[in-house]
Q: 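Sending over a structure as structure tokens; questions will come in a sec.
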Amino acid sequence: MANIKTEFLTFDACYVRGKKDLYVAAKKLEYDPSKELLVRITRGGICGSDIHYYQHGGVGDFILKHPMVLGHEVIGETVPNDGSNPVKVAVNPGRQCNNCEYCLEGKSNQCLDMRFFGSAMRNPHVDGGFAQYVAVRADQCIPYNPAIDEDIMAFAEPLAVAIHAVNQAGTVLGKKVLVTGSGPIGALVIAACKAAGAAEIVATDLVERNRQLAIVMGATRALDPIKADLTPLRSGKGYFDVSFEASGAIPAIQGNIDLTRAGGVMVQVGMNPGMVDLPLTRMLAKEIRFVGAFRFINEFTTSVQWLEKGLVDPRPLLTSVFHFRDVVKAIELAGDKSQALKIQLSFEE
Ligand SMILES: [Zn+2]
Ligand SMILES: [Zn+2]
């Protein structure tokens with residue numbers, strides 16, 4: 001019989017089984033220590049998609065068919081099996097195949113065989129990182145300076161999404177930038193644009209508190225898209241070289257066509273707006289490039305470096321930290337947009 005290398009470990013994890021059905025239960029992890037590293041999770045951020053699985057039992061077409069461990073914004077420390085010291089790592093939640101045409105082209109976010117934490121895209125679903133331990137490939141572990149606060153480093157994944165969105169625009173250096181929607185992702189896009197040298201960043205959000213956050217995160221101005229007079233920003237074929245749409249609101253997507261300059265770029269950031277009527281003629285006549293931004297590629301490593309260097313300080317986004325055994329309370333609060341921005345879970349006992 002072949003040498004069986006698999007090891008088992010049992011610990012607690014946060015499972016979602018369906019709509020409003022979230023609980024902590026034991027998970028038996030089977031992993032191969034010759035191929036995978038064991039990481040003890042310390043902190044995890046609750047993301048919009050986690051909230052969606054909890055509130056609706058699915059995200060878009062990805063419906064829960066069996067219990068799945070939630071979470072993809074996690075950090076932790078390695079559990080070495082050779083007696084060496086643990087290393088603090090940010091965990092890249094995406095395990096691409098490294099073999100398909102997209103991986104070979106360097107577009108691993110489009111991998112045909114992606115296994116992404118806490119996603120029901122595949123069946124069986126891929127368990128996420130809201131667990132006391134995960135087993136991951138070494139290339140998913142990005143070591144970080146242990147002096148950096150966990151509050152900060154747990155933003156590595158959402159900041160990677162924001163940096164990827166900026167990269168999808170080409171460059172924002174010296175550009176006039178619009179960011180519609182200043183929730184957690186929009187606010188990080190603002191911070192990433194500032195770090196990447198944008199000349200001017202105008203944010204919009206319906207909520208006053210989010211507009212204040214936009215300013216704290218680096219926006220030059222923050223406007224209420226209904227009450228503010230945007231006419232001057234529409235005149236002369238539009239004001240902004242680049243617009244990032246991070247609200248998922250249909251009027252924002254449509255409105256950005258008039259606010260973006262001819263020849264400019266519109267980036268739709270990771271939201272799920274569904275079907276949208278777009279004034280295509282106007283968009284094409286202005287030669288606007290409309291691009292998507294889905295997850296991230298090597299921006300995950302960039303994000304860890306930016307957080308280490310303090311190029312982005314995400315702490316204004318952090319509302320509170322809950323113990324993972326209080327995950328239901330935590331996700332209820334996270335889902336209340338009037339109360340919460342980012343909620344994190346601590347996995348320390
Ligand atoms: Zn996320
Ligand atoms: Zn692949």
Side-chain angles (χ1 to χ4, degrees), residues 14 16 41 43-56 58-60 62 68-76 90-122 125-131 134 136-137 139-140 142 151-165 181 183-189 191-192 244 246-248 268-272 292-300 302-304 307 312 314 317-319 327 330-331 334-335 337 340-345:
C14 306
V16 63
I41 297 299
R43 193 66 75 83
I46 296 177
C47 177
S49 67
D50 300 319
I51 298 168
H52 233 84
Y53 279 118
Y54 172 68
Q55 289 179 338
H56 307 285
V59 175
F62 314 142
M68 173 182 87
V69 178
L70 266 187
H72 56 266
E73 302 179 359
V74 292
I75 60 171
V91 180
N92 183 332
R95 185 190 294 213
Q96 73 273 13
C97 76
N98 287 331
N99 232 335
C100 72
E101 58 185 291
Y102 291 105
C103 284
L104 296 177
E105 281 172 34
K107 294 176 183 159
S108 58
N109 61 331
Q110 300 293 347
C111 174
L112 297 173
D113 195 20
M114 174 62 93
R115 300 179 61 82
F116 198 89
F117 269 10
S119 166
M121 190 187 285
R122 309 171 65 117
H125 311 327
V126 180
D127 272 346
F130 289 168
V134 296
V136 288
R137 258 183 358 215
D139 66 352
Q140 290 177 266
I142 312 301
D151 287 1
I152 294 174
M153 196 48 71
F155 281 91
E157 198 271 350
L159 180 61
V161 171
I163 299 172
H164 180 67
I185 285 290
L188 289 170
V189 169
F244 294 93
S247 73
Q268 183 64 38
V269 191
M271 289 308 229
N272 238 326
F294 180 63
R295 295 177 180 161
F296 44 83
I297 312 172
N298 50 358
E299 290 93 349
F300 191 85
T302 309
S303 171
V304 171
L307 292 170
V312 168
L317 274 77
L318 180 58
T319 304
V327 63
I331 207 161
K337 301 274 179 254
L341 288 159
K342 181 62 78 181
I343 306 286
Q344 294 178 354
L345 298 174

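In each ligand, atom 1 is the first atom listed, and ligand 1 is the first ligand listed.
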Q: Looking only at heavy atoms, what is the nearest atom pair of Leu307 and Phe155, with distance?
A: CD1-C, 3.9 Å
Q: Using 2.8 Å as the threshold, say whether any N, O or S atom from Glu73 sits that close to the Zn ion (ligand 1).
A: yes
Q: Out of Thr302, Ile297, Val304, Asn298, which one pairs with Phe300 under the side chain to side chain contact (heavy atoms under 4.5 Å, CB included) rule?
A: Val304
Q: Quick one: closest heavy-atom pair of Ile75 and Met153, and the distance?
A: CG2-O, 3.6 Å
Q: Search all heavy atoms of Ala154 against all heavy atoms of Arg43 and return the closest pair with its distance.
A: CB-CG, 3.8 Å
Q: Using every non-hydrogen atom in the two residues, find where Gly71 and Asp50 come nearest and quote the distance to one decimal.
A: N-OD1, 3.2 Å
Q: So, at under 2.8 Å, which protein N, O or S atoms would a careful student list around the Zn ion (ligand 2)?
A: Cys97 SG, Cys100 SG, Cys103 SG, Cys111 SG
Q: Angle at the Zn ion (ligand 1) between NE2 of His72 and SG of Cys47, to 10°?
A: 100°
Q: Side chains of Phe296 and Asn109: does their closest heavy-atom pair fall under 4.5 Å?
A: no
Q: Ignoring hydrogens, what is the shortest heavy-atom contact between Gly186 and Ala246? Give both atom names and the distance.
A: CA-CB, 3.7 Å
